[in-house]
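Every chain is numbered from 1 and lettered A, B, ... according to where its sequence line falls, protein lines coming before strand lines. What you see below is based on every heavy atom in this structure, not just the backbone, and it leaves out hydrogens, waters and symmetry mates.
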There are 2 protein chains.
Amino acid sequence: MGKYVTITEIARQLGVSHSTVSRALSDNPRISKKTRELVKNLAEKLGYHTNSMALRLSKGKSQLIGVIVPDLSISFFSKIVEGILETVQKEDYSILLLNTQESFEKEKEAVETCLKHRVDGVLAAITMQTKNFDHYERLIKYEVPLVFFDRVANFLPVPKVVANDHQSAFNATKHLIDSKCKCIAHITGSINLNNSNNRLYGYMDALAEHGLDVNESLIHYYEFEPSSIDKFLKKTIKKYPNLDGLFVFNDYVANYSINVLTKMGKKIPEDISVFGFSDEPVATYMTPQLSSVKQVASKMGRLAGQKMISILNYDEAVVNEKVVINPELILRETTKVIG
Amino acid sequence: MGKYVTITEIARQLGVSHSTVSRALSDNPRISKKTRELVKNLAEKLGYHTNSMALRLSKGKSQLIGVIVPDLSISFFSKIVEGILETVQKEDYSILLLNTQESFEKEKEAVETCLKHRVDGVLAAITMQTKNFDHYERLIKYEVPLVFFDRVANFLPVPKVVANDHQSAFNATKHLIDSKCKCIAHITGSINLNNSNNRLYGYMDALAEHGLDVNESLIHYYEFEPSSIDKFLKKTIKKYPNLDGLFVFNDYVANYSINVLTKMGKKIPEDISVFGFSDEPVATYMTPQLSSVKQVASKMGRLAGQKMISILNYDEAVVNEKVVINPELILRETTKVIG
DNA sequence: AGCTATTAAAATAACGTTTGCATAAACTTG
DNA sequence: CAAGTTTATGCAAACGTTATTTTAATAGCT
């Protein structure tokens, strides 16, 4: 009990050579039907599992894909991982998961770990600190296919899968404008993160393109301090009593903002329309339910996974390309119906 | 360019045998200091990485730990995975991540995948559907160490790491009682999930132990239908105008419930105190901020990971034991201050 | 009958390590 | 200085596969 059955054991019991067993199991036509069935039956009976370590050593392929994420506790990233898993598992690949916790050092280590494990490819999102890309170049040098998702190194000549944050924010803001909002504030996230910045620019461009002023004092940079939102909203409503729209970079913060506004006696969406971002679970648990931009995490994961599979299984070339996932607005109760 | 450096290549360049190189790299005292340094320098220079496929085949150890989770998009589970990763990475193990999506079939497949990859051990949380455990017995038969976390198969003689949901719910309810609540309702989750049930019993036991009636009509079984909560709360407040406490199995639903109560004109916590569960991010984004039971996900992950490491690296026996993580209440603004 | 094709299966090498055993050279030691 | 011991290294087997080459057995043909 306890020991794994090998091809050699099957061969011994059947009185044939192990190479015959190997071929029989992989349906090689050079083995007679009779022997093949004999082999397969015994393999089944003994509960034979091919030893993937041996298989991999022999084939020189690990069937392993390295996945490097900056922070697995962010639901966006864990959903991406879920999407990747779903896609690559079907093709018999497994995932070597590395969590860098936003540390550049850990990211370098993660790449080394990938190399050590001889992964067949790497899917990565860079940390907020990553400015040097030598470690990724190393992968390229070793001809390990690399695909970036979400947080990408723009100038490396590899495929990238990203969400169109700019367009999403643009469309959300445009929706507020279309529903007759004239004075729209924005709460944005960390200035270090590309994604927040793209959303900010999407907001500004939408305003500009529709003839509304872009007003610095209507923009709040949020950095983990909820009470700053109370202050911002109070100040803003005092200065701009006609405030009738709010676009927030994240659903949690949108939820918080709505609570603050409600306490100040504002009606949502009659007085002020609010648009969130990411369509987190909280969006449907709120009252009123939050209009938001659809979460593209699992789609992003699936697309990144598929790209890798195409490269690995169908010899697609690794080229400098960008797959952009387009936005989809989810309209709920915090925005007015148009028209 | 592109090919990995092997031990044999180093040996060739240095004019020694590959076994000498192998020993030199692993600091075997049988190799002279001079040779050892020669080897190490060249290895460094050539960017040598031990080929883990070969290493594993040779050693008969995969350095891989299978992690089976029911739903990675639930932040509780992704945080557990993060905790596991953090712990096992330090000991040079990698994770083979399997997501069962609450499907029993996928869970069986996941175990097979673990076997196929010759994982050194398996960490698992079962699906809501799992009633048969033959696949896990298979692991035990193959002497693959198994450790359960959170959702466990109670009667299998292996280590388990769980949160004390009963005690947590008991303490949360007791806190409501201590703050002078006399009529406390409870919203519970799926009747199929152990965790919800344990919380339900914790609530009931706390009431009973403090001389309060356990009243079936104060308990609502929530199944993914927010509007059922509106109905429940309205009905309950009509029937029990003295309702002054609410304990909810999950922070999202607590958030929703508070919104409903607020709209009905109830003041939180002056009229009704509310206690949530899990301390999700939303708890701090609410107004008032939600009192909740601390999230134990990453601690659970670390404990489960450590247990596995102890078994694998320090030959700890696989025994039928239960590690219980004790509750910690986070008191915020939805409950009254005691005394 | 004698030769060639064809078919089926066995043998062997290879993948890159670790490891037990062997060996040669250089030291001890009485 | 011969015998034994230590030191430093090499050799070869083993891990479980796949893949290439060889051999053996059978069948088909003139």
Peer 1: Can you measure B/K61 atom NZ to D/dG16 atom C1' for me and round it to whole angstrom units?
Peer 2: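 Checked: the NZ to C1' distance equals 19 Å.
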Peer 1: Does D/dT17 have its OP1 or OP2 closer than 4.0 Å to a side-chain nitrogen or oxygen of A/Y48?
Peer 2: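 For D/dT17, OP1/OP2 do have a side-chain N/O of A/Y48 under 4.0 Å.
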Peer 1: From the options D/dT17, D/dT9, D/dA13, select the nucleotide whose nearest atom is closest to the side chain of B/H18.
Peer 2: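 The nucleotide sitting nearest to the side chain is D/dA13.
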Peer 1: Among residues 19-29 of chain A, which ones have heavy-atom contacts with DNA chain C below 4.0 Å?
Peer 2: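 Here the set is A/S19, A/T20, A/R23.
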Peer 1: Indicate whether any N or O donor in one side chain lies under 3.5 Å from an N or O acceptor in the other, for A/S22 and A/S19.
Peer 2: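 No donor-acceptor contact under 3.5 Å links the two side chains.
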Peer 1: Are B/N99 and A/E86 close enough that a side-chain donor and a side-chain acceptor fall under 3.5 Å?
Peer 2: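 Result is no, nothing qualifies.
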Peer 1: Write down the distance between CG (A/N51) and C1' (D/dG16), rounded to a whole number of angstrom.
Peer 2: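 Going from A/N51 (CG) to D/dG16 (C1'), I get 6 Å.
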Peer 1: Below 4.0 Å from chain B heavy atoms, what is the first contacting nucleotide of DNA chain C and what is the last?
Peer 2: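 Range of nucleotides within reach of chain B: C/dG16 to C/dA22.
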Peer 1: Ignoring hydrogens and geometry beyond distance, is a side-chain donor-acceptor pair present between A/K160 and A/N320 at under 3.5 Å?
Peer 2: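 Note: A/K160 and A/N320 side chains meet the donor-acceptor criterion.
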Peer 1: Over how many whole Å does the gap from B/R12 atom CZ to D/dG10 atom P extend?
Peer 2: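 One finds 15 Å between P of D/dG10 and CZ of B/R12, rounded.
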Peer 1: Indicate, with a heavy-atom threshold strictly under 4.0 Å, whether B/L55 touches base, sugar-phosphate, or nothing.
Peer 2: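 Sugar-phosphate contact only.
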Peer 1: Could you check B/L57, B/N51, B/T50 and say which one makes a side-chain contact (heavy atoms from CB on, under 4.5 Å) with B/M53?
Peer 2: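 It is B/N51, the one option of B/L57, B/N51, B/T50 that forms the side-chain contact (heavy atoms from CB on, under 4.5 Å) with B/M53.
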Peer 1: Hey, what's the ring geometry for A/Y136 with A/F148, parallel, tilted or perpendicular (30° and 60° as the breaks)?
Peer 2: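 Ring orientation, 0 to 90° scale: perpendicular.
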Peer 1: Provide, to the nearest angstrom, the distance between the CG atom belonging to B/L14 and the P atom belonging to D/dA8.
Peer 2: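 My rounded result for the distance is 16 Å.
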Peer 1: Separation of B/K34 atom NZ from D/dA8 atom C1', in whole Å?
Peer 2: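 After rounding, the reported distance stands at 10 Å.
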Peer 1: Output the rounded distance in Å from CG (B/L115) to P (D/dG16).
Peer 2: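 Result: 15 Å.
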Peer 1: Do A/S17 and A/T20 have side-chain atoms, one donor and one acceptor, less than 3.5 Å apart?
Peer 2: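 Side chains of A/S17 and A/T20: pair found under 3.5 Å.
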Peer 1: Can you check the A/L57 CG to D/dA14 P distance for me, whole Å?
Peer 2: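 Distance, rounded to whole Å: 17 Å.
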Peer 1: Using a heavy-atom cut-off of under 4.0 Å over every strand shown, decide if B/S52 touches base, sugar-phosphate, or nothing.
Peer 2: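 The residue B/S52 makes no contact with any strand.
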Peer 1: Using whole Å, what does the distance between atom C1' of nucleotide D/dT23 and atom CZ of A/R30 come to?
Peer 2: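 Value for this atom pair: 12 Å.
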Peer 1: Parallel, tilted or perpendicular: which describes the rings of B/F104 and B/H135, with under 30° parallel and over 60° perpendicular?
Peer 2: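 Perpendicular.
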Peer 1: Are side-chain N/O atoms of A/H49 and B/E112 paired as donor and acceptor at under 3.5 Å?
Peer 2: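 Yes, side-chain donor-acceptor contact under 3.5 Å.
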